[in-house]
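First the structure, in the form of structure tokens, and then the observations on it.
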Amino acid sequence: MKSYIKAIIIFNENDEKRLVPLKQGVNIITGESKTGKSALVEIIDYCLCSTRCTIPKGKITDFSYLYVLVMGIGDNTYIIARYNWDNGGKMYFSKEEKDFNYKVLSLGYFSEKPTLPYKDAQYEIECALGLFVTNMATDADQQGKKASLRNMVSYLFQHQNLMASKFALFYRFSDYYKRKDIIDQFPVFAGMISQEYYSDLIQLNTLKAQLKQKYKKQKANEKSTAYIKENLSPLLTDYFALLEKDFDDKIPAQKMLKMASNLPEFDDTQLFGESKIAERYSVLNEELEELRNEEREILLKIKNIDNASKTGNEFTEMLMDLKQQTTVAEIEATEYICPLCGHDCQEIAENDSQLIEATEWLDNELKITEKYTADFSEDVRKLKDEHSKIDAKIKEVWKQIKMVEQKFISSKALVSKREKVNYAKARIALYAEMSDSGIFETVDEDIAELKEKIQQLEEKIQGFDVDTKKAKAQAFLSENMNRLSLSLDFEDEYRPINLNFGLLDETFDIYQYQNNREKIHLYEMGSGANWVSCHIALFLSFLRYFAKQDNSPMPLFMFFDQPSQVYFPQGDSKDDEITQADLMAVNKMYKTIFDEINSIGEDTGILPQIIIVDHVDGKNLECKEEFEGYIRCNWRNKTGLI
């Protein structure tokens, strides 16, 4: 959005005022030291709702009662005012027509306006700029930060102590948390994303959490299904066997529960035999025998592993004992001569050879046995775990067998068929009542619906394509810096210039790639000329970038404080002390700034604003006529802000 500062005004309590008029494009305030030039950036910062007042104490704070910033934003003029810190720091915010005559402003204008706490005024300014991202959280349970005007100013101000620093690029980056917020909020300031993006992220993460819960429910249902089928199926099988009917134990648990509440009734008029219940009894006994066979096999495996482990350990101990008994000193001689007759003793050499071979065999055998006598405790544990499960099944099947046997085959209490059927029915009803407690509420449809919503949101969020946009922004900034560097003062050892800005990796550092691809950071470069040139190239590139973004809420002004200081440290050097090289460097610097601001205006249709305060008056520069055309105040010969 087109936005710039029209004027800075200071009122004292007697309604006297000091006015600094400004325009779109280049604005230069030049003058001698101690005339209040550098205080202007602090006044702007104060009126943009800073939490403290950094305006230098002295003449300015003694005079000031109310500071006023007149801003053009879009098609309106906004009056932003703030009382001196000693008078409470309350603020005013009002909206006027585009052609409002700010030169007639007086304290009387504010007499009927309501004062605002600075936080409320900040909100009004943010709304005027179109900064509406109020919650940057990605989770509904988080209290997210809002994109803030106070983080915008780090992209707008280059204070005197920053302008030629090799250790810092951005205002307020010394505070870790501020630095993180300023970097995190860049996509918002660049117009890449809006509140909709974060709201969609919150909704997406909420849906993912709900999906996770549904999956847990589904998994719990699966466990409950297995449990119910394991326990209800035998009861239903018994019941249907008493009725001389077959029961399909492969049906779903939900259907079993439904069947348990709607069992077929016993009909006295029909003749019921005992064949099905006898068959049921036989099947259970066969199942029990199979389980016991499995149990025997597992127990045998455990026994065999124990025996093998014991035998292997005993064999290894025997070999180790043998090795200790046969350990001899290292054989050094290859030939033996009898001390009595002087002849070779071939037999001793052969014995040595056999001993060496035996020792090597023993070592190899120990390595082999070490492999096969490893700890088998994990294998035994797995087998015992499997045995425990089979044992539980054996007990359950045995319980079912005894139940069929005692209640339905040889029961003395349940004599008639009806009594047996009613007993089986009662057991089913009791179990079904305990089991059917809503745990089988289906979640499959919910899961499918949630997955569809998540996919739609993910596609929508991917449509913002933030990473690609940031990569393009980084490439744009680097390319523009390198273009500007051609007309700025860089030492020859760094040419050809290949500056890069770490936006995508969120370091927000400048570094130079040399021919061998060595990365040289700003703090590793020598000479103040390189440092100030990097600052100018980067922040002019930021200004161009923001001007090109249709949805960017960033104010399109920038403040450079004393850019020529590395060449003219004192500011008032005599002509014979100013070298031609320094004059040429400063001329190139200013000419680059002028040309870039005007070029941005031509390319985007929006002429951005740059405010430069400097000791230089431009008279010794080649571009002096253009320089003088941009001067808004010239504070010399005992003139100044106050």
Looking only at heavy atoms, the pair that brings M152 and L131 closest together is CE-CD2, 3.8 Å
Rounding to 0.5 Å, atoms CD1 (I394) and CD (E289) come to a distance of 9.5 Å
Exercise. Salt bridge check: are E124 and K95 linked by an N-O gap of less than 4.0 Å?
Worked result: no
Run the salt-bridge test on E126 and R150 with the 4.0 Å N-O cut-off and return the result as yes or no.
no
Heavy-atom nearest pair, M192 first then F464, reads O-CD2, 3.9 Å
Taking every heavy atom of N480 against every heavy atom of R544, the minimum-distance pair comes out as OD1-CD, 3.4 Å
- [ ] Under the salt bridge (charged side-chain N to carboxylate O under 4.0 Å, His left out) rule, what do K382 and E386 come out as? Steps first, then yes or no, please.
- [x] CA-CA 6 Å; K382 290 178 180 179; E386 190 175 346; over 6 Å; no
query: Can any side-chain N or O of N500 pair as donor or acceptor with the backbone N or O of N498 at less than 3.5 Å?
result: yes
Query raised in the report: Within the distance-only criterion (no hydrogens, no angle test), does the side chain of N482 pair as donor or acceptor with the backbone N or O of L499 below 3.5 angstrom?
Result: yes
Before accepting this row, confirm whether a basic side-chain N of the pair K303/E297 lies closer than 4.0 Å to the acidic partner's carboxylate O.
no
Q.
Quick one, M259 and F240 - any side-chain contact, counting heavy atoms below 4.5 Å?
A. yes
Rounding to 0.5 Å, atoms CD (Q512) and CE (M481) come to a distance of 10.0 Å
Side chains of K212 and K208 in contact at under 4.5 Å (non-hydrogen atoms):
no
Rounding to 0.5 Å, atoms NZ (K119) and OG1 (T51) come to a distance of 8.0 Å
Practice item. Answer yes or no: does atom CZ of R52 have more than 12 heavy-atom neighbours from other residues, nucleotides or ligands under 6.0 Å? Key: no
Taking the ring of Y511 and the ring of Y513, is the distance between their centroids below 6.0 Å? yes
Between the CG atom in D446 and the NZ atom in K214, the distance rounded to the nearest 0.5 Å is 4.0 Å
Taking side chain as C-beta onward, heavy atoms only, is C49 less than 4.5 Å from I125?
yes
For Y118 and S50 the tightest heavy-atom approach is CD1-O, 4.4 Å
dist L299:CG -> H387:NE2 (nearest 0.5 Å) comes out at 4.0 Å
For Y545, is there any backbone N or O sitting under 3.5 Å from a side-chain donor or acceptor partner on Q549? yes
Under a 4.5 Å cut-off applied to non-hydrogen side-chain atoms, are L291 and D391 in contact? no
Interatomic distance, CD@Q462 vs CG@D467, rounded to 0.5 Å, equals 10.5 Å
request  = Please tell me if the side chains of T206 and Q203 come closer than 4.5 Å, counting only heavy atoms from C-beta onward.
outcome  = no
Pair R179 + D175: basic N to acidic O under 4.0 Å: no
Inspect the surroundings of NZ in K2 and state if more than 12 heavy atoms from other residues, nucleotides or ligands are less than 6.0 Å away.
no
* Within the side chain of T138, is there an N or O that forms a donor-acceptor pair under 3.5 Å with the backbone of I202? -> no
*Full working for side-chain contact (heavy atoms from CB on, under 4.5 Å) between Q122 and S148*: CA-CA 8 Å; Q122 178 178 327; S148 171; 3.1 Å; yes
Between E479 and S541, do the side chains contain a donor N or O and an acceptor N or O under 3.5 Å apart?
no
Any chance you could lay out the ring-ring contact (aromatic ring centres under 6.0 Å, His included) test for F508 and F501, step after step, and finish with the verdict?
-> CA-CA 6 Å; F508 271 47; F501 181 68; 5.1 Å; yes
Between L129 and P555 the two heavy atoms that sit nearest each other are CD1-CG, 3.9 Å
Flag yes if more than 12 heavy atoms outside D75 fall under 6.0 Å of its CG atom; otherwise flag no. no
S552 (side chain) donor-acceptor with F189 (main chain) under 3.5 angstrom:
yes
Exercise for review: Please find out if less than 6.0 Å separates the ring center of Y155 from that of F170.
Suggested key: yes
Handout entry: Non-hydrogen side-chain atoms of S194 and F132 separated by less than 4.5 Å
Key = no
Next item on the list: Begin with the C-alpha distance, continue with both residues' side-chain angles, and end with the deciding distance and a verdict on side-chain contact (heavy atoms from CB on, under 4.5 Å) for K470 and E506.
Entry: CA-CA 10 Å; K470 287 173 72 174; E506 297 188 344; 3.1 Å; yes
Dump the intermediate steps for salt bridge (charged side-chain N to carboxylate O under 4.0 Å, His left out) on K245 and E279, then the final yes or no. CA-CA 11 Å; K245 294 182 179 181; E279 182 182 332; over 6 Å; no
Could you go step by step and tell me if L263 and L236 meet the side-chain contact (heavy atoms from CB on, under 4.5 Å) rule? CA-CA 9 Å; L263 291 168; L236 289 169; 3.7 Å; yes
ask   = Are any side-chain N or O atoms of K146 and backbone N or O atoms of M136, one a donor and one an acceptor, separated by less than 3.5 Å?
value = no
**Prompt:** Do NZ/NE/NH1/NH2 and the carboxylate oxygens of D184 and K180 come within less than 4.0 Å?
**Reply:** yes
Review point. Hey, are the side chains of Q195 and N135 touching, using non-hydrogen atoms and a 4.5 Å cut-off?
Key: yes
>> Treating N205 as the side-chain partner and L201 as the backbone partner, does any N or O pair qualify as donor plus acceptor under 3.5 Å?
In response: yes
Sub-4.5 Å side-chain heavy-atom contact between I520 and E518: yes
Legend entry - L204 and D200: CA distance, side-chain angles, deciding distance, side-chain contact (heavy atoms from CB on, under 4.5 Å) verdict: CA-CA 6 Å; L204 175 63; D200 286 345; over 6 Å; no
Taking K460 first and then E196, would you say they form a salt bridge - that is, a charged N and a carboxylate O separated by under 4.0 Å? yes
All heavy atoms of Y171 vs all of I182, minimum pair found to be O-CD1, 4.1 Å
